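As the structure is a computational prediction, the values presented were derived from the model and not from experiment. Side chains included, hydrogens not; waters and symmetry mates left out as well; all remaining heavy atoms used.
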Amino acid sequence: MGALLPWALRGTASSAASTIPVGLEMYSVRNALSKDPMGTVRAVAEVGYQGVEFYAPYFDWSVAQAKDMRKLLDDLGIRSFSTHNDSDYFSGDKLQHAREINLILGSKYMVMASSRGKSGPEGWLQVADTLNTAAVKLEADGSQVGYHNHQMEFTVTDGVRPIEILAKNTKPSVMLQLDVGTCIDAGSDPVAWIKANPGRIRSMHCKDWSPDAAKKYSVLFGEGVADWKSLFHAAENGGGIEYYLVEQEGSRFSELDTARKCLQAFRAMHGA
């Protein structure tokens, strides 16, 4: 199965910004994806995205469906950079199934999308242990695991932010996938977080956020308060970024039009 991973993502400080690919977190087009997975992936490629990150429903695909999707990705010349996964996909039979599907898709990272039902330092230490154990099981295939934050991981609880517990207690190979919008929403500084965790921020959800209660996450990329120039600089100068992912929870435009407009804005801002 390792032969199904013919590509390697690179994200060193010396890499030119233009070499860092940008993909779409497919939750951004979830309604279209549920109705027509193949057609939606094709449309995303036509917009200009270089890759995708499938989210939890991919887990229900059969091996045959995963192979069909991989063929489409190859035909389109794009990649599945990673997948988002429920926390219970990281152990037992579910881990084995997720591993198989991710290898077929060519995904380098299995990312835990969130941790459900965990509270207090002991609960977060359990999450770290789950990630570490899964990382060991997957590393023989060249696969890695990651963790994706929401607001709660950056919210101080019992005197510490849960994300700090995860960062301190997971293997360096465990990616800390930064969701920019939720980090800002929680009152934290995403640039400072990148600088505090060199080499760990290997992918980033480029989701903007507005303090305007009527807008929040409905703003397009670049319309919120995120300091993207500083974020890009930090990610590409020590952060370890390998790929960017545009994510949008919904806007005044259709899903695919939103994805297109966000990519245009990303390229204008990033210069790639």
Side-chain angles (χ1 to χ4, degrees), residues 24-30 53 55-57 82-90 109-131 145-170 174-197 200-228 230-232 234-235 239 241 244-251 258 262 266:
L24 182 70
E25 161 50 57
M26 295 300 282
Y27 182 77
S28 306
V29 289
R30 55 196 174 278
E53 179 178 73
Y55 74 109
S82 47
T83 59
H84 259 208
N85 300 266
D86 288 348
S87 56
D88 63 354
Y89 294 1
F90 287 80
Y109 291 100
M110 265 187 65
V111 181
M112 187 180 290
S114 65
S115 174
R116 298 176 181 174
K118 303 298 180 183
S119 62
E122 290 303 317
W124 289 105
L125 285 171
Q126 291 176 20
V127 176
D129 183 62
T130 297
L131 291 167
V145 303
Y147 188 87
H148 166 267
N149 67 271
H150 289 87
Q151 295 92 330
M152 66 177 179
E153 289 86 356
F154 277 98
T155 301
V156 176
T157 305
D158 296 322
V160 65
R161 296 183 300 180
I163 194 68
E164 295 170 349
I165 297 175
L166 294 180
K168 181 179 180 181
N169 293 282
T170 51
V174 176
M175 172 177 66
L176 301 175
Q177 185 183 68
L178 176 61
D179 185 300
V180 173
T182 55
C183 176
I184 296 173
D185 189 6
S188 287
D189 180 350
V191 174
W193 178 248
I194 294 172
K195 292 179 178 179
N197 294 276
R200 300 289 300 273
I201 317 298
R202 298 192 284 277
S203 71
M204 181 189 297
H205 274 199
C206 298
K207 178 169 61 183
D208 222 325
W209 179 81
S210 169
D212 184 337
K215 296 179 179 178
K216 295 291 185 179
Y217 294 104
S218 66
V219 292
L220 299 178
F221 178 93
E223 292 182 346
V225 297
D227 182 357
W228 292 110
S230 295
L231 282 160
F232 292 148
I241 196 75
Y244 292 108
L245 291 164
V246 168
E247 184 185 24
Q248 230 292 336
E249 296 188 5
S251 80
T258 294
C262 284
F266 176 94

Next on the checklist: side chain to side chain donor-acceptor pair (under 3.5 Å) for N169 and W124? Distances and angles first, verdict last.
Outcome noted: CA-CA 9 Å; N169 293 282; W124 289 105; over 6 Å; no
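- D179 places no side-chain N or O within donor-acceptor distance of the main-chain N or O of H150, the cut-off being under 3.5 Å.
- Expressed to the nearest 0.5 Å, how far OG1 of T258 lies from CD of E249 amounts to 12.0 Å.
- W228 and K207 get closest at one heavy-atom pair: CH2-N, 3.7 Å.
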Item to check | Derivation and outcome, side chain to side chain contact (heavy atoms under 4.5 Å, CB included), residues S210 and E223 | outcome: CA-CA 8 Å; S210 169; E223 292 182 346; over 6 Å; no
Under 3.5 Å, side-chain donor or acceptor atoms of residues 214-221 against the rest of the protein: list the pairs with distances, not counting sequence neighbours.
{"unit_1": "Y217", "atom_1": "OH", "unit_2": "Q151", "atom_2": "NE2", "d": "3.1"}
{"unit_1": "Y217", "atom_1": "OH", "unit_2": "D185", "atom_2": "OD2", "d": "2.8"}
{"unit_1": "S218", "atom_1": "OG", "unit_2": "K215", "atom_2": "O", "d": "2.6"}

Item to check | Stepwise side chain to side chain donor-acceptor pair (under 3.5 Å) check, E53 with S82 | outcome: CA-CA 5 Å; E53 179 178 73; S82 47; 2.6 Å; yes
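- Annotation: side chain of F154 is in contact with side chain of N149 (closest heavy-atom distance under 4.5 Å).
- The CE atom of M152 sits 9.5 Å away from atom OG1 of T155, with the distance rounded to the nearest 0.5 Å.
- Nearest heavy atoms, D158 versus P121: OD2-CD, 3.3 Å.
- The distance from atom CD of Q126 to atom OG of S115, rounded to the nearest 0.5 Å, is 9.0 Å.
- Y55 contributes no side-chain N or O that, together with a main-chain N or O of A113, makes up a donor-acceptor pair within less than 3.5 Å.
- In terms of heavy atoms, S87 sits closest to S114 at CB-O, 3.6 Å.
- L176 CG to I163 CD1: the interatomic distance, rounded to the nearest 0.5 Å, is 5.5 Å.
- For the atom pair CG (L178) and CG (L231), the distance works out to 7.0 Å, reported to the nearest 0.5 Å.
- Put simply, NE2 on H84 and NE2 on H148 are 4.5 Å apart, with the number rounded to the nearest 0.5 Å.
- For L131 against T170, the heavy-atom pair with the smallest separation is CD1-CG2, 4.1 Å.
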Next on the checklist: Please evaluate residues Y109 and Q177 with respect to the criterion side chain to side chain donor-acceptor pair (under 3.5 Å), reporting the C-alpha separation (whole Å), side-chain torsions for both, the decisive distance (0.1 Å), and the verdict.
Outcome noted: CA-CA 10 Å; Y109 291 100; Q177 185 183 68; over 6 Å; no
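- At distances below 3.5 Å, not a single donor-acceptor pair connects side-chain atoms of N85 with backbone N or O atoms of A56.
- Scanning all heavy atoms of the two residues, the minimum distance from Q248 to R30 falls at O-NH1, 4.1 Å.
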Checklist entry - Does the side chain to side chain contact (heavy atoms under 4.5 Å, CB included) test come out yes or no for M112 and F90, once each step is laid out? => result CA-CA 8 Å; M112 187 180 290; F90 287 80; 3.7 Å; yes
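- The nearest pair of heavy atoms linking D208 to A226 is OD1-N, 3.2 Å.
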Next on the checklist: Assess the residue pair C206 and F266 against the criterion (side chain to side chain contact (heavy atoms under 4.5 Å, CB included)); give the C-alpha distance rounded to whole Å, side-chain angles, the decisive distance to 0.1 Å, and a yes or no.
Outcome noted: CA-CA 9 Å; C206 298; F266 176 94; 3.9 Å; yes
